[in-house]
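Let me begin by presenting the structure, written as structure tokens, before commenting on it.
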Amino acid sequence: MGSMNAEKPLSVLEDALKGGVTCFQFREKGPRALVGMEKRAFAESCQRLCRQFGVPFIVNDDVDLALEMDADGVHVGQDDAEARFAREKIGADKIVGVSVHTVEEARRAMMDGADYVGMGPVYQTSSKDDAKPVAGTTMITVVGKLFPDLPIVGIGGITAENADAVFEAGASGLSVISAIATAMDPELAARRLRKAALRSMYGRRAVR
Ligand code: TZP
Ligand code: MG
């Protein structure tokens, strides 16, 4: 999430952390996205909040910013820095995530040292201007079966209502913007998504 995704992005982030999100990706994009010092200051505020809650802070696209800020990791797409360069640059003890859409991209990400891959858009989304066509959950299942040790994070149009299907397809986690950032109650939205994650791990009866 970034400053373009909500009117009060820091308060949304704090609510999301209270609701139990387990990872945050700083994704400052869009026509009016912050740049330079303002971007850095906003990123630092997000990182500070994440640290208070003991939640990893990952920078999207920008390996140098991740390094400068001693972020917990970096996430790169197919059009960003190559995953193996990101891994080389950021070091072995940081998180590297890679967006993939095909089996080949997933295989390469794994060889290049990705800790997880992001796959989507699973459902329709308006949060990404250059989003690929909706992929559904099929490719998650295919990649999950081929590479059972590679954690897959589903992304794109995911809500508490459709989250179970993404886990059932084989995802280990979910990544969302709108489901939390545009919710009337972001904390509750985060809590509902967390429950879906817990249900996928412990079964329906364990989490009410
Ligand atoms: N990549 C595919 S969809 C997307 C990204 C970064 C944005 C997801 O946003 P939302 O609002 O959860 O649909
Ligand atoms: Mg990118």
Side-chain angles (χ1 to χ4, degrees), residues 1-7 9 12-13 15-16 19 21-31 33-35 39 43 46 57-67 71 73-87 89-90 95-102 105-106 108-109 112 114-140 143 152-167 169 171 173-184 186 188-194 196-197:
M1 193 191 84
S3 65
M4 292 298 105
N5 300 120
E7 225 169 273
V12 167
L13 173 56
D15 288 351
V21 299
T22 54
C23 191
F24 173 71
Q25 185 188 126
F26 179 74
R27 187 172 180 279
E28 187 58 14
K29 287 204 175 193
L34 301 174
V35 291
K39 176 180 174 184
C46 294
F57 170 88
I58 292 180
V59 174
N60 184 53
D61 289 354
D62 194 337
V63 187
D64 292 327
L65 180 64
L67 265 175
V74 68
H75 184 99
V76 290
Q78 296 296 318
D79 302 330
D80 304 316
E82 271 188 46
R84 66 194 163 99
F85 291 126
R87 169 57 76 205
K89 238 175 156 174
I90 201 162
I95 301 164
V96 173
V98 183
S99 298
V100 304
H101 307 92
T102 64
E105 287 174 1
R108 196 169 347 109
D112 286 349
D115 293 297
Y116 71 91
V117 290
M119 295 191 68
V122 182
Y123 303 114
Q124 196 64 46
T125 180
S126 51
S127 297
K128 188 172 162 77
D129 294 338
D130 57 348
K132 296 241 182 331
V134 169
T137 55
T138 310
M139 194 49 84
I140 292 179
V143 168
I152 300 171
V153 175
I155 186 162
I158 298 173
T159 65
E161 282 68 42
N162 60 28
D164 287 343
V166 186
F167 284 118
L174 306 176
S175 179
V176 308
I177 299 177
S178 350
I180 292 179
T182 66
M184 295 277 281
L188 179 63
R191 189 166 297 123
R192 285 199 182 132
L193 287 158
R194 183 187 174 90

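Note that ligands are numbered from 1 as they come in the structure, with each ligand's atoms numbered from 1 the same way.
- In this structure, the side chains of Thr159 and Tyr123 stay at 4.5 Å or more apart for every pair of heavy atoms.
- In Asp80, the N, O or S atom that comes nearest to the Mg ion (ligand 2) is OD2.
- Side-chain atoms of Gln124 do not come within 3.5 Å of backbone N or O of Gly157 as any donor-acceptor pair.
- In this structure the side chain of Asp112 never reaches within 4.5 angstrom of the side chain of Arg87, judged on heavy atoms.
- Here Lys132 has no heavy atoms under 4.0 Å from ligand 1, in either its backbone or its side chain.
- When each atom of ligand 1 is checked for a heavy atom of Arg27 under 4.0 Å away, the hits are 6 (C).
- Shown in contact with Ile155 at under 4.0 Å from a heavy atom are these atoms of ligand 1, numbered in order with element: 1 (N), 2 (C), 4 (C), 5 (C), 6 (C), 8 (C).
- Residue Thr125 places at least one N or O, backbone or side chain, under 3.5 Å from an N or O of ligand 1.
- Remark: side-chain polar atoms of Asp115 are paired, donor with acceptor, to backbone N or O of Val96 under 3.5 angstrom.
- Distances from the Mg ion (ligand 2) show that Asp79 has no N/O/S atom below 2.8 Å.
- Shown here for Ala189 and Ala179, the closest heavy-atom pair between the two residues is CB-O, 3.3 Å.
- For atom 7 (C) of ligand 1, the closest heavy atom belonging to the protein is Ser127 CB, 3.7 Å.
- In this structure, the protein non-hydrogen atom closest to atom 12 (O) of ligand 1 is Ile177 N, 2.9 Å.
- At least one heavy atom of Gly157 sits closer than 4.0 Å to an atom of ligand 1.
- When you scan the N, O or S atoms of Asp61 for the one nearest the Mg ion (ligand 2), you land on OD1.
- Rounding to the nearest 0.5 Å places CZ of Phe26 at 13.5 Å from CD1 of Ile58.
- Protein heavy atom closest to atom 2 (C) of ligand 1, with residue, atom name and distance, is Lys128 CD, 3.6 Å.
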* To do: Begin with the C-alpha distance, continue with both residues' side-chain angles, and end with the deciding distance and a verdict on salt bridge (Lys or Arg N to Asp or Glu O under 4.0 Å) for Asp62 and Lys29.
  => CA-CA 11 Å; Asp62 194 337; Lys29 287 204 175 193; over 6 Å; no
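- In the candidate list Gly156, Ala181, Ser178, Ser178 is nearest to atom 10 (P) of ligand 1, counting heavy atoms.
- In summary, of the residues considered (Gln78, His75, Lys132, Glu105), a side-chain hydrogen bond (donor to acceptor under 3.5 Å, both in side chains) with Ser99 occurs for His75 alone.
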